[in-house]
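This report refers to the structure that appears directly beneath it.
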Amino acid sequence: DAGITQSPRHKVTETGTPVTLRCHQTENHRYMYWYRQDPGHGLRLIHYSYGVKDTDKGEVSDGYSVSRSKTEDFLLTLESATSSQTSVYFCAISESDLGTEAFFGQGTRLTVV
Amino acid sequence: AQTVTQSQPEMSVQEAETVTLSCTYDTSESDYYLFWYKQPPSRQMILVIRQEAYKQQNATENRFSVNFQKAAKSFSLKISDSQLGDAAMYFCAYRSSWDSGYALNFGKGTSLLVTP
């Protein structure tokens, strides 16, 4: 299995508080991604990174920020959590070859109350 | 981002039978890959099969095969000899070099139920 770990696995937080999710990889893959999964929507891209300190927005980036200070770590921050951000969050990693497999973390279930 | 459509929210198949999951996509690109991922109740995302757009031959992985129709922009997944362990959510995904950092663009998924 690919070395990719998300933490925490579960979190409950209150509306208005900041939350940070961590993705850690041991594969030295260049690309890292954050997705959110909601019923009826599949997985939607929030942000991605193509190298250390190189990040860009995805389809649903409003209310989220990311940082990548090291190759192995990609952090997702909800600056002020809202109930609409209750979701399952997945981190994924990939090399830059178009046909290579993207490997996914186990997911983080975040509940904003 | 390219649009990926899975028109079947739920499908059901009996054990040992064959089922086909549909996927269509919208693109003007010529160089891309298509993937099917499986997500069992454990939530883990597992690659089932992949297809390169330039290859006319349909990909096959054991009981899983695809019917790739490039002109029709269709990429269906056929599961033969269905097993109880095949019960899962299945996602079709598109990837191109033009999209966000080679990110996968997913359909909304098809939930597959396998009955004994």
Side-chain angles (χ1 to χ4, degrees), chain A residues 1-2 4-6 8-10 23 29-61 64 66 68 74 87-110, chain B residues 1-10 21 23-25 27 29-55 59 61 66 68 88-111:
Chain A
D1 291 342
I4 176 170
T5 305
Q6 290 184 229
R9 295 291 308 279
H10 303 272
C23 178
H29 282 355
R30 179 182 177 188
Y31 288 87
M32 298 186 76
Y33 311 89
W34 279 107
Y35 289 88
R36 62 177 288 174
Q37 182 179 12
D38 304 288
H41 289 277
L43 281 81
R44 293 179 291 173
L45 182 66
I46 305 172
H47 281 279
Y48 67 97
S49 170
Y50 48 97
V52 173
K53 297 186 179 179
D54 292 322
T55 65
D56 207 345
K57 296 178 180 180
E59 178 188 358
V60 291
S61 60
Y64 302 94
V66 290
R68 191 173 179 193
F74 191 34
S87 186
V88 178
Y89 291 86
F90 284 94
C91 176
I93 61 174
S94 175
E95 287 292 7
S96 55
D97 185 358
L98 194 59
T100 57
E101 178 179 354
F103 297 96
F104 287 79
Q106 318 95 307
T108 295
R109 180 175 293 280
L110 176 68
Chain B
Q2 313 302 330
T3 302
V4 178
T5 302
Q6 294 180 248
S7 58
Q8 307 151 317
E10 294 179 350
L21 309 184
C23 174
T24 59
Y25 57 96
T27 187
E29 299 160 5
S30 59
D31 185 18
Y32 55 89
Y33 265 79
L34 297 162
F35 301 80
W36 278 99
Y37 275 83
K38 170 185 177 181
Q39 186 183 44
S42 67
R43 221 162 57 192
Q44 185 63 44
M45 294 289 287
I46 302 165
L47 176 66
V48 175
I49 198 164
R50 77 190 89 182
Q51 173 79 41
E52 182 179 4
Y54 278 118
K55 287 189 176 178
E61 290 286 344
V66 298
F68 174 49
M89 183 71 80
Y90 287 82
F91 292 100
C92 177
Y94 173 100
R95 182 191 231 179
S96 79
S97 57
W98 292 99
D99 272 346
S100 313
Y102 296 94
L104 290 166
N105 188 20
F106 288 91
K108 294 182 179 181
T110 296
S111 178

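So you know, we letter chains A, B, ... as the sequences are listed, proteins then strands, and number each from 1. Computation of the quantities below employed the complete heavy-atom set of this structure, encompassing side-chain atoms and omitting hydrogens, waters and symmetry-equivalent molecules. These numbers come from a predicted model, not from an experiment.
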Is B/F35 close to B/F91 at the side-chain level, that is, under 4.5 Å between some pair of heavy atoms? no
For B/Y37, the ring-ring contact (aromatic ring centres under 6.0 Å, His included) test, sequence neighbours excluded, returns A/F104
Note to self: Any heavy-atom pair between the side chains of A/F74 and A/I93 that's under 4.5 Å?
What the structure shows: no
When the 4.5 angstrom heavy-atom criterion is applied to A/L43 and chain B, the contacting part is both
Okay, A/R109 and chain B: the region with an atom under 4.5 Å from a heavy atom over there is both
So, the part of A/T100 with a heavy atom under 4.5 Å from chain B: the answer is both
Checklist entry - Does atom NZ of B/K38 have more than 12 heavy-atom neighbours, drawn from other residues, nucleotides or ligands, at distances under 6.0 Å? => result yes
With sequence neighbours left out, the residues meeting side-chain contact (heavy atoms from CB on, under 4.5 Å) with A/R9 are A/Q106, B/R43
Honestly, the part of B/Q44 sitting under 4.5 Å from a heavy atom of chain A is side chain
When the 4.5 angstrom heavy-atom criterion is applied to A/Y31 and chain B, the contacting part is side chain
When the 4.5 angstrom heavy-atom criterion is applied to B/Q6 and chain A, the contacting part is neither
Query raised in the report: Is it true that B/Y32 and B/Y94 have ring centroids separated by less than 6.0 Å?
Result: yes
When the 4.5 angstrom heavy-atom criterion is applied to A/Q37 and chain B, the contacting part is side chain
